[in-house]
There are 2 protein chains.
Amino acid sequence: MSPRADAARNRAKVLDAAQQVFTADGLGASTEQIARRAGVGVGTVFRHFPTKEALLSAVLAARLETLADDAERLADAADPGAALFDFLTRTVEASSLKIAYADALERAGVGTDQVVAPVRERVTKAVGTLLDRAQRAGAVRDDVAVGQVFAFIHGASRAVPRIADDALRSATLRMMFDGLRPR
Amino acid sequence: MSPRADAARNRAKVLDAAQQVFTADGLGASTEQIARRAGVGVGTVFRHFPTKEALLSAVLAARLETLADDAERLADAADPGAALFDFLTRTVEASSLKIAYADALERAGVGTDQVVAPVRERVTKAVGTLLDRAQRAGAVRDDVAVGQVFAFIHGASRAVPRIADDALRSATLRMMFDGLRPR
DNA sequence: GGACAAACGGAGTCACCACTCCGTATCGTC
DNA sequence: GACGATACGGAGTGGTGACTCCGTTTGTCC
């Protein structure tokens with residue numbers, strides 16, 4: 001039995017609103033704020049996502065989903081080195097003003113969450129492929145593991161968005177990821 | 001008029017407890033928890049630090065103080081390159097299990113806080129000196145600014161402590177800071 | 001278009017937390 | 001050791017936020 005049309009619509013609206021609000025105000029944002037943004041009552045939010053944590057998981061899963069899409073799209077690029085670094089740069093830049101993103105990633109790292117786990121695996125695999133190809137092409141050190149790439153993404157996502165100046169920011173980002181390249 | 005002996009003692013106990021509790025449970029930890037840990041009443045906590053934010057600032061200032069001490073101690077090391085990288089490594093490793101530390105640093109970056117500002121300047125200057133010497137010795141790229149070094153510290157503090165394996169963690173750290181070295 | 005299930009809204013509940021207030025204890029001074 | 005000043009403890013207050021409950025609305029199916 002598929003859900004009623006309005007239910008599906010509202011679920012999407014809530015997820016969307018949650019993403020925006022978490023991004024703007026951090027993970028501490030209240031459920032009511034999210035409900036208001038979505039144009040629904042709090043009851044509706046809680047019907048779709050029984051706890052705040054469940055909502056966060058869902059938001060996170062959605063983000064990881066697009067991350068995986070990105071990585072998979074780049075899997076057969078002509079220049080594997082460029083592909084990996086492009087991916088890294090875009091991933092971090094995309095989360096520029098989004099503090100919540102890094103927090104969510106952090107959460108993902110710990111929780112053996114039911115919702116998040118499968119998507120997480122997909123991302124790991126896709127990034128693993130990018131990494132592998134980049135290494136084979138000699139663009140990345142041989143001794144780098146996927147986990148370390150995620151550590152780089154995590155760290156850069158945290159640190160780099162704080163830099164206001166555009167040029168300086170992208171320079172710092174490039175510099176940071178340079179640590180992955182062979183010497 | 002200097003403060004009464006018990007007052008000074010309690011102030012120190014609270015500051016110490018706050019540091020421990022924030023470190024263990026994050027910035028969301030309650031004031032009562034801190035009071036209990038310090039072995040004093042909540043009233044005492046608030047008498048010494050009128051708001052929770054003031055307490056956080058004080059904790060942060062204390063941390064920055066030791067950071068500055070570290071940096072200044074290394075200012076005339078024989079090998080400037082090693083000195084800078086030592087400092088970076090130790091700073092991050094020292095904050096290993098301390099999530100609160102990175103949060104606090106983040107806060108420091110934003111706030112033009114009365115308590116924190118002067119210490120901040122001291123740290124910046126000391127690290128600036130280390131950086132300068134390392135650059136002159138050819139151990140660090142010429143185009144690196146102090147702000148970028150802080151970004152690296154910030155990012156690494158966030159990302160690296162998540163790695164459980166000791167060897168892998170320090171390898172990642174080294175790799176991350178390698179981005180600062182000339183190519 | 002009527003009937004029934006599914007979903008909605010939002011006032012209400014409960015727990016928690018920053019912060020206050022004041023009777024009591026401790027310190028420093030003579 | 002006595003006395004005033006200073007600091008302490010912790011019950012109390014106000015506000016906020018996650019989550020519940022139920023009377024009302026909306027979608028769907030015949």
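Residue numbers begin at 1 in each chain, while the letters A, B, ... track the order of the sequences.
- In this structure, B:E65 pairs ionically with B:R122, as a charged nitrogen and a carboxylate oxygen lie closer than 4.0 Å.
- Considering only the side chain of B:T51, C:dC19 comes nearest among D:dG9, D:dT20, C:dC19.
- Each of C:dG28, C:dG9, D:dC19 was ranked by its minimum atom distance to the side chain of A:V40; first place goes to C:dG9.
- Considering only side-chain N and O atoms, B:T44 lies nowhere under 4.0 angstrom from the phosphate OP1 or OP2 of D:dA7.
- The pair B:R133-B:D79 fails the salt-bridge criterion, with no side-chain N (NZ, NE, NH1 or NH2) lying under 4.0 Å from an Asp/Glu carboxylate O.
- For the side-chain hydrogen bond (donor to acceptor under 3.5 Å, both in side chains) with B:R37, the lone residue among B:E32, B:Q20, B:Q19 that qualifies is B:Q20.
- Look at CG on B:L56: it is 11 Å from P on C:dA18, rounded to the nearest Å.
- Residues B:D132 and B:R136 are paired through a salt bridge, judged by an N-O separation under 4.0 Å between the basic side chain and the carboxylate.
- A straight line from CZ of A:F49 to P of C:dA7 spans 14 Å, rounded to a whole angstrom.
- The distance between atom CD of A:E53 and atom C1' of D:dC19, rounded to the nearest whole Å, is 14 Å.
- Side-chain proximity of A:P3 to the nucleotides D:dC19, C:dA7, C:dT20 is greatest for C:dA7.
- Residue B:R47 contributes atom CZ, which lies 8 Å from atom P of D:dG9 at whole-angstrom precision.
- Atom CD1 of A:I34 and atom P of C:dG9 are 15 Å apart (whole Å).
- D:dG17 atom P lies 8 Å from atom CD of A:Q33, rounded to whole Å.
- Checked against C:dC27, C:dC19, D:dG27, the side chain of A:R4 finds its nearest nucleotide in D:dG27.
- Of the candidates C:dA7, D:dA18, C:dC27, D:dA18 carries the atom nearest the A:T31 side chain, counting heavy atoms from C-beta on.
- For A:R169 and A:D166, the salt-bridge test passes: some basic side-chain N is under 4.0 Å from an acidic carboxylate O.
- Going from atom NZ of B:K52 over to atom C1' of C:dC16 covers 12 Å, rounded to whole Å.
- Remark: the B:Q135 side chain and the B:R141 side chain contain no N/O donor-acceptor pair separated by less than 3.5 Å.
- Considering only side-chain atoms of B:F46, the nucleotide from C:dC27, C:dC19, C:dA7 that sits closest is C:dC19.
- Rounded to an integer number of Å, the gap from CZ of A:R36 to C1' of D:dA18 is 15 Å.
- Relative to the ring axis of A:F85, A:R181 places its NZ or CZ within 45° and under 6.0 Å from the centre.
- Here the nucleotide nearest the side chain of A:S30, chosen from D:dA18, D:dA7, C:dC8, is D:dA18.
- Candidate nucleotides D:dG27, D:dT20, D:dC8 were compared by shortest atom distance to the side chain of A:D6, and D:dG27 ranks first.
- Within the 4.0 Å cut-off from OP1 or OP2 of D:dC8, at least one side-chain nitrogen or oxygen of B:H48 is found.
- Contacts between residues 7-15 of chain B and DNA chain D, defined by a heavy-atom separation under 4.0 Å, are made by B:A7, B:N10.
- In summary, A:R9 and A:D6 do not engage in a salt bridge, as defined by a charged side-chain N under 4.0 Å from a carboxylate O.
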